[in-house]
Engineer: 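Just dropping this structure here.
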Number of protein chains: 2
Amino acid sequence: MSETAIFEKLAIIGAGMIGSSVAQAARLTGAVNRIVMTDRCDSVLREANALSLADDYTQDAAEAVVGADLVMLAVPVGAMGVAAETILPFMRSGAILSDVGSVKGDVLSTLDPLVPGDIHLIPGHPVAGTEKSGPSAGIQDLFDGRWCILTPPPGADQSAVEKLSAFWERLGSKVETMDAAHHDRVLAITSHLPHLIAYNIVGTASDLEEVTRSEVIKYSAGGFRDFTRIAASDPVMWRDVFLTNKEAVLEMLGRFTEDLTALQRAIRWGEGESLEKLFSRTRDIRTRIIDAGQDEDVVDFGRHHTDSEGKEIE
Amino acid sequence: MSETAIFEKLAIIGAGMIGSSVAQAARLTGAVNRIVMTDRCDSVLREANALSLADDYTQDAAEAVVGADLVMLAVPVGAMGVAAETILPFMRSGAILSDVGSVKGDVLSTLDPLVPGDIHLIPGHPVAGTEKSGPSAGIQDLFDGRWCILTPPPGADQSAVEKLSAFWERLGSKVETMDAAHHDRVLAITSHLPHLIAYNIVGTASDLEEVTRSEVIKYSAGGFRDFTRIAASDPVMWRDVFLTNKEAVLEMLGRFTEDLTALQRAIRWGEGESLEKLFSRTRDIRTRIIDAGQDEDVVDFGRHHTDSEGKEIE
Ligand SMILES: NC(=O)c1ccc[n+]([C@@H]2O[C@H](COP(=O)([O-])OP(=O)(O)OC[C@H]3O[C@@H](n4cnc5c(N)ncnc54)[C@H](OP(=O)(O)O)[C@@H]3O)[C@@H](O)[C@H]2O)c1
Ligand SMILES: NC(=O)c1ccc[n+]([C@@H]2O[C@H](COP(=O)([O-])OP(=O)(O)OC[C@H]3O[C@@H](n4cnc5c(N)ncnc54)[C@H](OP(=O)(O)O)[C@@H]3O)[C@@H](O)[C@H]2O)c1
């Protein structure tokens, strides 16, 4: 990498799937010169070490952040507050404190009161991920071509925001800045509600008596298996998302349920025309997602394609 | 193909995605010696011809079935009755009339009264498909490793059922026989409800004002894009599925909504433990689907993988 580093030292708090992906991408692109990783769990750190994710590993988060220019919290949203409290007294003046949490309003309102004036708090959220957890689930090009949303609080230092943007851009992301509350509404519909519904339908299916579980599994290629992929996501991460983005999720869920009730009524009364109309309308969004490069127009109903070595191909 | 053909002549009614896939797979595996394809639309037949899907093409369905041992209806469920009425007087004695419709009770009750005693009616449903339509959307190995469900009426000729099973097995399918009503309940949860919910959430998202449509598209990688794939399926096919499998769909939808209301309540009251419990429980089904070979354990949240020529790789 001939490009100069954007930060000298990066400290990653939490060696999970996202923490690992940030480490790999930052190393690969030369975005930082040094990476220190910390995790509450020794076995996880050893796994991270075996994968050579960082330069240094420590279970002591306070030790990890000493001298870091960028500290990235990569723990579940509900754990951000305690993690920040532990490290803040040891962060150097002028450093940036950021995170990758899937909810931003809660992170901002939890961290803002804790952060002293000489540290730049700039919450962020890379809109990229998988349903897997842990260091070995990290993917070095996870952020490539994906959006990363930054939600700096009002009055945030502009040069710090620009530096953090440059960091994510180096990792391949396209960066957008918005208000934390708006982020939470957008993600409520594009991510949180889809997960909630996927979890719910998989739950409903597991509880059936007349249709056996083995039949649900056998015939899952009809559509159901795509939902099980999403519903295999980390339970703690998603518990925290729903607990901390309650308002926006309940609001979107209310709209969803209303629409579903109308659809149910159309089915009950055999209103073929209105069914066909809705089913035609929804095609348009798909086309636009493909045009926007956010998915590929390859059919497979949830089947995934790897080369002969089991590596994913794009 | 050194194996001998199972049927001499196959007539496919409807040159859509499934009709095209059946033709390609039957040709590839030598399951039949001759294929005639028919479609109400001349331009579609010309497309099929350009793809060399069959030996003969005709817009006249009655002509197509003359002398055929197996006639496969591959039109939307709501169009099966009229299609069968058109061809039945021209089918030869002892031939099998089957279909690929996604609902089986309705097909059976519509066709059974029409079919004379010397023709074997054996409805079927290959549980495999994509969200695309038309002859060029056909895939030659679409049925490979997938289940095909046959729902012969009580008293069906056993040797005819066995021949049709052998046909689907030659195409790569695993064949299961069951009661039409049970099929419709199983598919209501594994396929019809997932599609309904996907259509619904995409509809809800398109109607939002505060979150713009372009934001929904931009940040769809957070989960939403997987739903848009399913919700891009053919509107007429799915209209017919919901109109003809009304009872089972409404029953499953009732359970789904009940569960969703409980989940909504847990979010409103901040019941983290019950959220985490449900989210953990749903992981198990995913594991079993992968173990059963009905999906691959490759992460990608809806991203699909092709080689440099754009061909899908498995
Ligand atoms: N998964 C996605 O698709 C995705 C996408 C974008 C953003 N995010 C966000 O990224 C963050 C991390 O998610 P992930 O997918 O990387 O999850 P993960 O693989 O499960 O990793 C979670 C990390 O947080 C640590 N952790 C969990 N609970 C903790 C606690 N109470 N105190 C301190 N550390 C704790 C874990 O430590 P142990 O290893 O010791 O358990 C692990 O290092 C979350 O905020 C999530 O919302 C996720
Ligand atoms: N898509 C799936 O994933 C899937 C999976 C398993 C089973 N199925 C079942 O397979 C059947 C065909 O679906 P497909 O995916 O192949 O759909 P498709 O690609 O849209 O093809 C539908 C075919 O039916 C014809 N058709 C439509 N309406 C008709 C009518 N009123 N009268 C006569 N012909 C008509 C179409 O003719 P034109 O080309 O002239 O319009 C076309 O040949 C359906 O019963 C469906 O339930 C689908």
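Note on naming: letters A, B, ... go to the chains in the order of the sequence lines (proteins, then strands), and numbering restarts at 1 for each one. Just so it is clear, the structure is predicted and the values come from calculations on it, not from any experiment.
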Engineer: Got a sec: does the CD of Glu247(A) have more than 12 other heavy atoms crowding it under 6.0 Å?
Structural biologist: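 Atom CD in Glu247(A) is not packed in, count stays at 12 or less.
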Engineer: Could you check if a side-chain atom of Glu215(A) sits within less than 4.5 angstrom of a side-chain atom of Met178(B), using non-hydrogen atoms only?
Structural biologist: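 Yes. Closest side-chain heavy atoms under 4.5 Å.
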Engineer: Taking every heavy-atom pair that is under 4.5 Å apart, which of Leu187(B), Val202(B), Thr204(B) has the most such pairs with chain A?
Structural biologist: Thr204(B)
Engineer: Near Glu276(A) CD, under 6.0 Å, is it more than 12 heavy atoms from other residues, nucleotides or ligands?
Structural biologist: yes
Engineer: Side chain, backbone, both or neither: which part of Phe227(A) has a heavy atom under 4.5 Å from chain B?
Structural biologist: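 Side chain only.
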Engineer: Mind checking whether Phe224(A) and Leu193(B) have side chains closer than 4.5 Å, heavy atoms only?
Structural biologist: no
Engineer: Using heavy-atom distances under 4.5 Å, tell me whether Asp240(B) contacts chain A through its side chain, its backbone, both, or neither.
Structural biologist: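 No part of it gets close to chain A.
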Engineer: Could you report the tightest heavy-atom contact between Asp207(B) and Arg281(A), atom names first, then the distance?
Structural biologist: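 Residues Asp207(B) and Arg281(A), closest heavy atoms: OD1-NH1, 3.0 Å.
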Engineer: Counting only non-hydrogen atoms closer than 4.5 Å, does Ile197(B) touch chain A with its backbone (N, CA, C, O), its side chain (CB onward), both, or neither?
Structural biologist: both
Engineer: With side chains defined as the heavy atoms from C-beta onward, is the minimum distance between Arg255(A) and Leu208(B) less than 4.5 Å?
Structural biologist: yes
Engineer: Shortest non-hydrogen contact from Arg286(A) to Ala232(B)?
Structural biologist: CG-CB, 3.7 Å
Engineer: Are any of the side-chain heavy atoms of His192(B) and Ile267(A) separated by less than 4.5 Å?
Structural biologist: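 With C-beta onward as the side chain, the pair stays apart.
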Engineer: Below 4.5 Å, heavy atoms only, C-beta onward: do Ile217(A) and Asp291(B) meet side chain to side chain?
Structural biologist: no
Engineer: Nearest heavy-atom pair of Gln294(B) and Ser220(A): which atoms, and what distance?
Structural biologist: CB-OG, 3.6 Å
Engineer: Of all of Val236(B), Val127(B), Ile201(B), Leu275(B), which one pairs up most often with chain A through heavy atoms under 4.5 Å apart?
Structural biologist: Ile201(B)
